[in-house]
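As the structure lists them, so they are numbered: ligands from 1, and atoms in each ligand from 1. It should be emphasised that the depicted structure is a prediction, and the values quoted were computed from it without experimental measurement.
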Amino acid sequence: MTWLLLFEEWANFLLRWVHVIAGIGWIGSSFYFIHLDLSLRKREGLPEGVGGDAWQVHGGGFYHMQKYVVAPKSMPKELTWFYWEAYATFLTGFALLVAHYYMNAEIYLVDKTVLDISGTTAILLSIAGLVVGYSVYEGLCRSPLGKNDLALGAVGFAFLVFLAWFFTKIFSGRGAYIELGALIGTAMVANVAHVIIPNQRKIVKALLAGETPDPALGKAGKQRSVHNNYLTLPVIFMMVSNHYPLAFASKYNWIIATLVLVIGVLIRHFYNEGHAGRAKPWWTWAVSALLMAIIMWLSVAGSAIANAAAPRNVQFAQVQDIVSARCSMCHAKEPVWDGIAAPPKGVMLDTPDAIRQHAKGIFLQAVATRAMPPGGNMTDLPDEDRQILAAWFANGAPGI
Ligand code: HEC
């Protein structure tokens, strides 16, 4: 083990650790404030400038929350801001994108059967995707369309569906999902960094100057905050999807992404309505369950090999030959593939026992989907061989 590898591995792990913690902090506080905002009630006797209050109990204490519409008359001495969670999520997320996807672009971002591009081209396209995608979103919000929340939401949604489709025509399924997730995440952080927080600062400045803050500032912040609220669940789906080839490597991956966007909105709508004290729209769960069933069906619908798999007589030796010819150059104790320093995900496929132990993984990655071999079938695993793997799995993955 070289020092460089040791450092790389730990840097990667630490980044992921911080990324997840920052993400929990950010999404947690954002869910909390959405809930708080919706649960505030107007009542008699509230102090001047207070639009509503709410009582909460947590951790052994009672809290009395009051929301000032626009702002209090004078600035409190101490004020807690919430932005570092969002910024840290972005910084660590972008570092991970570079460390994981850009450093191994040929394996992770490119799929030669989708589009024959080099790793460098894929990286440039990925960066361009983030910049252009975000600029279009920002442009839409600032255009006259931005005055109509519903119309903006509909156009924004259509734009995301287009991107989901477009990215799957450029990148590998894995790459397309991470690109879409990274773009949505970037837009969400940018909403905090470029609109919500700066507007809040302007409000504070106006207050300190003894002026009345412009209510439009708060309104714009609120609009972005609502966008973030509806995008939270899908973005997390995209981020954890890379462990599940049935989602990202399905032929219909972009439709799956679209349905996930819809589910994310529906589930948030359920909670938003409930928090606001209105009747909970239980139908959203029924529709989400239906969409989820469609997703499950779509995830294998495009896989002729998985669906045709019937038990037939194959020898384990055939399976072993296929795996050692197409997989074990990466999946071995000491991989021989350039750029792969250790067996990916700890998956070693270099002994009969190891192959049998990973039968399910082999099926999911190389039969039900074409996630492996990566990079768009880098080691040229032919369909006939996938069929042999399929039959072996259908037989219950027997050994010698
Ligand atoms: C070019 C190198 C390479 C080849 C060849 C390769 N893999 Fe992989 N494999 C990877 C990488 C990289 C990952 C880790 C993906 C990730 O980060 O999620 C991986 C992950 C896996 C996993 C674990 C997935 C998970 O998320 O737990 C399985 C199972 C797997 N590969 C099976 C196969 C099979 C079967 C073959 C041959 C048909 C194969 N691989 C060929 C590089 C390779």
Aromatic contact, Phe31 with Tyr271 (centres under 6.0 Å) = no

Provide the number and element of each atom of ligand 1 under 4.0 Å from a heavy atom of Gly361.
-> 29 (C)

Given Asp53, which of Arg41, Lys67, Arg43 fulfils the salt bridge (Lys or Arg N to Asp or Glu O under 4.0 Å) condition?
-> Arg43

Is a salt bridge present between Arg370 and Asp111, judged by a nitrogen-to-oxygen distance below 4.0 Å?
-> no

Arg326-ligand 1 polar pair, N/O distance under 3.5 Å = no

For ligand 1, which atoms have a heavy atom of His100 less than 4.0 angstrom away?
-> 17 (O)

Number the atoms of ligand 1 from 1 as they appear, then name those within less than 4.0 Å of a heavy atom of Asn242, with their elements.
-> 18 (O)

Could you check Tyr108 against His100 for ring pair (Phe, Tyr, Trp, His ring centres under 6.0 Å), going step by step and ending with a plain yes or no?
-> CA-CA 8 Å; Tyr108 286 118; His100 212 64; 4.9 Å; yes

Using a strict 4.0 Å cut-off to heavy atoms of Thr379, name the atoms of ligand 1 that fall inside it.
-> 5 (C)

Ignoring waters, how many protein N/O/S atoms are under 2.8 Å from atom 8 (Fe) of ligand 1?
-> 2

Exam field: side chain Thr369 to backbone Leu364, donor-acceptor pair closer than 3.5 Å = yes

Using a 4.0 Å heavy-atom threshold (strictly under), name the region of His358 that reaches ligand 1: side chain, backbone, both or neither.
-> neither

Arg174 neighbourhood, listing ligand 1 atoms whose heavy-atom distance to it stays under 4.0 Å = 15 (C), 16 (C), 17 (O), 18 (O)

Phe166, CZ atom: more than 12 neighbouring heavy atoms under 6.0 Å = no

For Leu381, take its heavy atoms, then give the atoms of ligand 1 lying under 4.0 Å from any of them.
-> 38 (C)

Check: Gln365 side chain, Ala371 main-chain N or O, donor-acceptor pair, under 3.5 Å = no

Can Tyr108 be said to touch ligand 1, with heavy atoms closer than 4.0 Å?
-> yes

Which atoms of ligand 1 sit under 4.0 Å from any heavy atom of Met378?
-> 1 (C)

Would the number of heavy atoms belonging to other residues, nucleotides or ligands and lying under 6.0 Å from CH2 of Trp10 be above 12?
-> no

Gln200 side chain to Tyr83 side chain, donor-acceptor N/O pair below 3.5 angstrom = no

Nearest 0.5 Å please: distance from the CD1 atom of Ile196 over to the CG atom of Leu217.
-> 12.5 Å

Pair Arg224 + Glu138: basic N to acidic O under 4.0 Å = yes

